[in-house]
Every structure is written in C-alpha cells, then in structure tokens.
Amino acid sequence: MMRWPLARTWVLAAALAAAGPLRAADPAEAIRLYALDCGHATFKDSGFFSDTGEYDGKPGAAAVPCFLIRHPKGTLLWDTGLSDKIAESPNGVENEGIHMSMARTLASQLKELGLSAADVTYLAFSHLHFDHTSNANAFGASTWIMNGSDLKWALGTPTPFGVDPASFSAYSKAKTQMIEGDYDVFGDGAVRILKTPGHTPGHQVLLLQLRKSGTVILSGDLYHLRDNRKFRRIPTFNSSRAETLASIDRIERIVKNRKARFVVQHDPNDFAALPRFPAYLE
Ligand SMILES: [Zn+2]
C-alpha cells in the first residue's frame, strides 16, 4: 500500500480544516480562554428578559464578561463589556432602573497579562448592544471582525434600543473583516463565530475547541440567564422571536453533538463557574 508523503498529508489536512465547518483543531495547538470581569449590572425589574411575563416586577442581576482568546496565531477579544469609565465611580452608576458597576477595568486585566490594547489582533462582538461594545474604541489597532447585518441595524435611524454607536465608532477607521455568516477566526477550526440571529439581526456565538476542556460555546445574548435556556424564555426586546428560536435549535444541537460546555455570558453563576482571572481554560 502506497503511503502519502508527509507534506501531502499536511496539505490534505489543511484542506479538510478549511472545508469542514465544525472540524476540531489540531490538539497540539494550545489555546487559552480567559474570562475577564467587564462589569456587573442589577435591575429593579427584570421583566424585559422574558416576553411571557415570568420576570415581571422581579429584580435581577447580570454578569458582564469579556473573553480573551490567546491562540498561537494571535489574540481575539470577544465583547468589550461596560465602559471602563464606570470603574471611576466606586458605587457604580444608575440609569433608568439599571445599576452598573465595574470592580476593575478591562485595560487593567489586559495589563495583568502583559498585554496592551495594541496586542489584541482581532476584536469581535456577539452583537452591538452597548454592554458588549463599550471600550471597543480602545482597540483601534486591531482588526475588527464585524457582522454586516448587525452593523447596518445598529447604525439605523432611530438608534435601536440598547445601542450606543459612539461606543464602537472606531470601526470606521480600523482594519475590518466584514462577515455575514459563520467565520473561522484563525483558519484552523479552533475558534469559530457562529451565526445565531434573533436577539439582534446579526447576533452570533463563539465556539472554541480547547485541548483539555473540549468544545466551549460562549452564548453572547442567545440567552441572558440559565433559566432562559432551561425554559426557552425570549426577551421582550429581541429583533425576531422566530429567528431566536431557530438559532437556539441550531446551537443546542451542536451542544449535544459535541458535548459542549455552554456558557451563558450574562448569568452570574456561569461566570463564577469559569476559572477566576488570570486563570484560564485550555
Ligand atoms: Zn448583553
């Protein structure tokens, strides 16, 4: 039986990696996932987290993490949290029944890893609500991976609820990679943006293939709380209820097929269950 030269096998492997939509990464490549604390929010009335009334009149709380992925080919920052300026107010800030606070800044956490904003190769957002885009303008030197549908929606008139176009205005001068659907950030299948519209028109989740932890999926705002996932509760302010349910169907199948760890980004329990920074998943 003829054996293929090693080089040719590598070429084939690379071709398969490019073609296979959910192929696992080369297990030899070490990837680290850091969960950064990018704020905390509490709500007097968290009714808007469900359009079927379960949270009406009830208080609620949300974690606001950012995620830093260190890959041999570069660094990706997924979501940029609440504004670092909030950290200047030790008791946080109050706005229309929402209290927001930051125990520490995103910048200080990057610094703890020996990084500056300029060391972040890629910037990507689950979607363009302000609690995912504040601080984005600090990353003018990064390549911004932008979903075209979300950008068009976020720049629409009138400005949609929850969007602060000024918080991500630096995209217009930055290097950008415009995308519409799924996107393989480093080209090896290890870090993939998956299209999951519904919360916003261009909402997306992030799928990671890690050496020890296996598949990890970061929710964006596909769900805000564990109970939203458990009971399929859809927020009042989603752009499309039907698209949200279709996106949930897709992602839950992937979770099952790959036995993935699913992280509900805003759920304080899910955030607390992740390694405490500067520890990481790998
Ligand atoms: Zn959010």
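Every number for a ligand or one of its atoms is a count from 1 in the order of the listing.
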Novice: Please identify which of these residues, V191, I217, D79, meets the side-chain contact (heavy atoms from CB on, under 4.5 Å) condition with L206.
Specialist: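 For L206, the side-chain contact (heavy atoms from CB on, under 4.5 Å) check succeeds only for V191.
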Novice: Answer yes or no as to whether an N/O/S atom of H132 is found below 2.8 Å from the Zn ion (ligand 1).
Specialist: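 Under 2.8 Å: H132 contacts the Zn ion (ligand 1) through an N, O or S atom.
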Novice: With ring-ring contact (aromatic ring centres under 6.0 Å, His included) as the test, would you mind laying out the steps for H71 and Y122 before giving the verdict?
Specialist: CA-CA 11 Å; H71 181 285; Y122 300 107; 9.4 Å; no
Novice: May I have the angle between D131 OD2 and D221 OD2 with its vertex at the Zn ion (ligand 1), rounded to 10°?
Specialist: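 Nearest ten degrees: 170°.
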Novice: Regarding H127, does it place an N, O or S atom less than 2.8 Å from the Zn ion (ligand 1)?
Specialist: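 Within the cut-off used here (under 2.8 Å), H127 places no N, O or S atom near the Zn ion (ligand 1).
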Novice: So does R250 pair up with D182, basic N to acidic O under 4.0 Å?
Specialist: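 Here R250 pairs with D182 in a salt bridge, since their nearest N and O are under 4.0 Å apart.
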Novice: Decide whether R233 and Y55 meet the rule of one side-chain donor and one side-chain acceptor closer than 3.5 Å.
Specialist: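 Distance-only check passes for R233 and Y55.
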